[in-house]
Amino acid sequence: MDKLRKVFNGQEDDGGESGLMTQVTGGGGDSCCPSLSWETRIKGFIACCIIGVFLSVFGIVWVFFANYIGFALLYSLGTFTTLGGTLFLRGPTSQMKAMFKDTRIIATIVMLISVVLTIVSAIAWNSGALCILFCIFQFCAFGWYSISYIPFARKAVKGCMDSCLA
């Protein structure tokens, strides 16, 4: 178990390469809850992800009732709740630094703009079609942002898309 924990914390002897969990947690120095154990942080992260997905799915249900304001608010809240789960792992400062790294800045900006436009299109513009369109952008940007933490995942997705479209 200790060896597995060392691997997840990026402390394995790999010739200088950092582990996946070191990339995700940013080395563990800026946690939102430093007194929590690693297992409790993982549970908090998973709980936020589950709540975020639940809010997003519950928001999608509102589309069938033509309540686009409820849809936009719940879906966007679900996105932020899921993203907020990483605060258990990284902490606010490390998370912000990671979000605006060169590899993620475009996905981050597109995701944040899509969230704002999803809400604006539902509340101010009262347009269900635009609300759903921006929600799709939000979903794709969040997915692209999320896979940026997995080594070579973006390259694999690009290759898969190239082969599908060719």
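Each residue takes its place number in the sequence, starting with 1. Quantities reported herein were computed from a predicted structural model and do not represent experimental measurements.
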Participant: Check the hydrophobic clustering (I, L, V, M, F, W, Y; side-chain heavy atoms under 4.5 Å; chains of links allowed) and say if Met111 and Met96 are grouped together.
Facilitator: yes
Participant: Which residues pass the side chain to side chain contact (heavy atoms under 4.5 Å, CB included) test with Ser121, not counting sequence neighbours?
Facilitator: Trp125, Leu130, Cys131, Phe134
Participant: Would Phe139 end up clustered with Phe80 when hydrophobic side chains under 4.5 Å apart are linked, directly or stepwise?
Facilitator: no
Participant: Under a 4.5 Å side-chain heavy-atom rule over Ile, Leu, Val, Met, Phe, Trp and Tyr, are Ile132 and Tyr75 clustered together?
Facilitator: yes
Participant: Apply side chain to side chain contact (heavy atoms under 4.5 Å, CB included) to Thr40 and list each qualifying residue two or more places apart in sequence or on a separate chain.
Facilitator: Leu36, Ser37
Participant: Gln95 and Arg90: side chain to side chain contact (heavy atoms under 4.5 Å, CB included), yes or no, with the steps?
Facilitator: CA-CA 6 Å; Gln95 178 63 26; Arg90 296 190 71 113; 3.1 Å; yes
Participant: Answer whether the closest heavy-atom distance between the side chains of Phe142 and Ile147 falls below 4.5 Å.
Facilitator: no
Participant: Look up atom SG in Cys135 and atom CD1 in Ile119, then write down how far apart they are to the nearest 0.5 Å.
Facilitator: 10.5 Å
Participant: The criterion is ring-ring contact (aromatic ring centres under 6.0 Å, His included); which residues satisfy it with Tyr145, sequence neighbours excluded?
Facilitator: Tyr149
Participant: Counting only pairs under 3.5 Å, give me each side-chain donor-acceptor contact of residues 65-74, with atom names and distances, residues two or more places apart or in other chains.
Facilitator:
unit_1	atom_1	unit_2	atom_2	d
Asn67	OD1	Gly70	N	2.9

Participant: Enumerate donor-acceptor pairs with a distance under 3.5 Å from any side-chain N or O in residues 152-166 to protein atoms, sequence neighbours excluded.
Facilitator:
unit_1	atom_1	unit_2	atom_2	d
Arg154	NE	Trp144	O	3.4
Arg154	NH1	Thr103	O	2.5
Arg154	NH2	Thr103	O	3.2
Arg154	NH2	Trp144	O	3.3
Ser163	OG	Gly159	O	3.4
Ser163	OG	Cys160	O	2.9

Participant: Starting at OG1 of Thr118, measure out to CD1 of Ile113 and round the result to the nearest 0.5 Å.
Facilitator: 11.5 Å
Participant: Got a list of side-chain donor-acceptor pairs under 3.5 Å for residues 42-63, not counting sequence neighbours?
Facilitator:
unit_1	atom_1	unit_2	atom_2	d
Ser56	OG	Gly52	O	3.1

Participant: Can you tell which of Thr108, Ile109, Val115 makes a side-chain contact (heavy atoms from CB on, under 4.5 Å) with Leu112?
Facilitator: Thr108
Participant: What distance do Thr79 atom OG1 and Gln138 atom CD have between them, rounded to the nearest 0.5 Å?
Facilitator: 4.0 Å
Participant: Any chance CD1 of Ile106 has more than 12 other-residue heavy atoms, nucleotides or ligands included, within less than 6.0 Å?
Facilitator: no
